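Worksheet: one structure, shown below.
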Amino acid sequence: MAEDSKVHFAFKPIIRGMVISESADLFPIGKVYCVGRNYSDHAKEMESKLDQDQPFFFSKPAQAVTQSNSIPFPTQTENLHHEVELVVFLKSGCSDISPSEASQHIFGYAVGVDLTKRDLQTAAKKNGKPWDLSKGFDNSAPISKIQKNEGVLLSKGVISLKVNGQEKQSSNLLHMAWKVDELISWLSKFITLKAGDIIFTGTPSGVSTLNLNDKIEAEIENVGTLSFDLI
Ligand code: MG
């Protein structure tokens with residue numbers, strides 16, 4: 001590879017930079033992982049079980065992440081769902097680490113919504129097909145401003161989401177089956193994590209159908225608030 005100063009890309013690379021609360025710097029988004037079924041009440045409502053033995057992950061493209069407060073209603077779905085989630089941001093890379101080594105890699109947190117085309121996901125599950133198009137579409141990962149909280153392991157706090165002012169999801173991070181440090185450690189055994197990588201940590205119960213013009217407001221205690229409209 002050429003020295004950095006001599007690199008010429010064929011076209012301008014796309015780097016997604018996300019706003020950090022009370023900072024002029026942007027956070028450059030790397031890989032985006034999401035854990036499935038991490039709260040038992042949500043696993044139950046999906047007619048599924050918690051994965052006690054091992055967590056499972058899927059990913060979204062970095063370009064799915066957005067901080068826009070107006071999100072165009074996605075095409076190709078009759079059943080768009082919200083899933084409010086704590087999102088973890090990494091400031092350094094790691095590979096094959098233990099849970100006790102995980103916190104030193106944490107940059108901070110945000111409130112996120114894992115938007116899901118439930119109809120497409122249900123069909124994919126039934127047919128043993130991948131989830132990419134039901135989970136990784138444009139703007140499918142709205143997040144709040146990033147709350148810098150370096151090296152801090154967040155393990156409790158109320159997590160909630162309202163649609164048009166009506167509460168749909170309300171739980172506590174205490175109920176996560178796999179904690180933040182365990183998720184980072186687990187992932188690092190399979191993939192080299194890098195600075196910029198982020199992890200959506202799963203949703204509690206109460207997921208429901210979203211419609212055009214809905215206003216979504218989500219909040220996590222000590223992390224922040226997220227608000228967007230589907231237009
Ligand atoms: Mg999710």
Side-chain angles (χ1 to χ4, degrees), residues 29 31-52 54-67 71 74 77 79-90 109-126 129-144 146 154 157-163 167-180 182-184 186-187 191 197-210 214 216-220 223-224 226 228 230:
I29 298 283
K31 303 190 289 297
V32 180
Y33 295 104
C34 310
V35 65
R37 299 196 284 259
N38 203 25
Y39 290 76
S40 61
D41 55 351
H42 173 62
K44 212 179 204 176
E45 76 179 347
M46 291 286 104
E47 296 176 347
S48 210
K49 280 197 206 127
L50 213 55
D51 296 276
Q52 298 282 14
Q54 47 180 38
F56 80 92
F57 294 88
F58 59 92
S59 52
K60 297 193 185 223
Q63 289 174 39
V65 181
T66 178
Q67 286 178 319
I71 295 183
T77 185
N79 195 12
L80 180 72
H81 272 198
H82 55 79
E83 297 187 355
V84 63
E85 309 198 6
L86 173 72
V87 190
V88 187
F89 295 75
L90 300 186
Y109 297 90
V111 183
V113 175
D114 167 15
L115 286 174
T116 302
K117 295 177 180 176
R118 195 70 74 198
D119 44 356
L120 269 61
Q121 187 202 27
T122 304
K125 278 184 185 173
K126 203 154 64 179
K129 298 267 171 67
W131 294 1
D132 298 52
L133 298 185
S134 64
K135 287 285 199 180
F137 50 92
D138 295 355
N139 303 308
S140 60
I143 60 165
S144 67
I146 300 164
L154 208 57
V158 176
I159 175 169
S160 62
L161 179 141
K162 288 180 195 169
V163 179
E167 189 170 273
K168 296 286 186 182
Q169 296 189 269
S170 180
S171 185
N172 196 295
L173 302 176
L174 280 169
H175 302 310
M176 285 168 56
W178 293 87
K179 309 299 181 199
V180 169
E182 294 169 329
L183 292 172
I184 295 170
W186 191 277
L187 265 176
I191 292 153
D197 289 352
I198 76 174
I199 307 168
F200 277 67
T201 60
T203 196
S205 64
V207 300
S208 69
T209 303
L210 292 169
D214 277 350
I216 292 90
E217 294 167 289
E219 186 168 2
I220 300 177
V223 175
L226 165 66
F228 63 91
L230 287 169

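Order of appearance sets the numbers: ligands from 1, and atoms from 1 within every ligand. None of the values given here were measured: they were computed from a predicted structure.
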Residues in side chain to side chain contact (heavy atoms under 4.5 Å, CB included) contact with [X], at least two apart in sequence or another chain:
X	answer
P74	L80, K117, F137
K129	A124, N127
D132	P130

If you count heavy atoms of other groups shown closer than 6.0 angstrom to CD of Q63, is the number above 12?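 Open: at most 12 neighbouring heavy atoms sit under 6.0 Å from CD of Q63.
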
Return the number of protein N, O or S atoms with a distance to the Mg ion (ligand 1) smaller than 2.8 Å.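 My tally for this metal is 3.
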
Check S205 against D41 and note the closest heavy-atom contact, atom names and distance.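 Scanning both residues completely, I find the closest heavy atoms to be OG-OD2, 3.0 Å.
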
Passes side-chain contact (heavy atoms from CB on, under 4.5 Å), N38 versus E85? Steps please. CA-CA 10 Å; N38 203 25; E85 309 198 6; over 6 Å; no

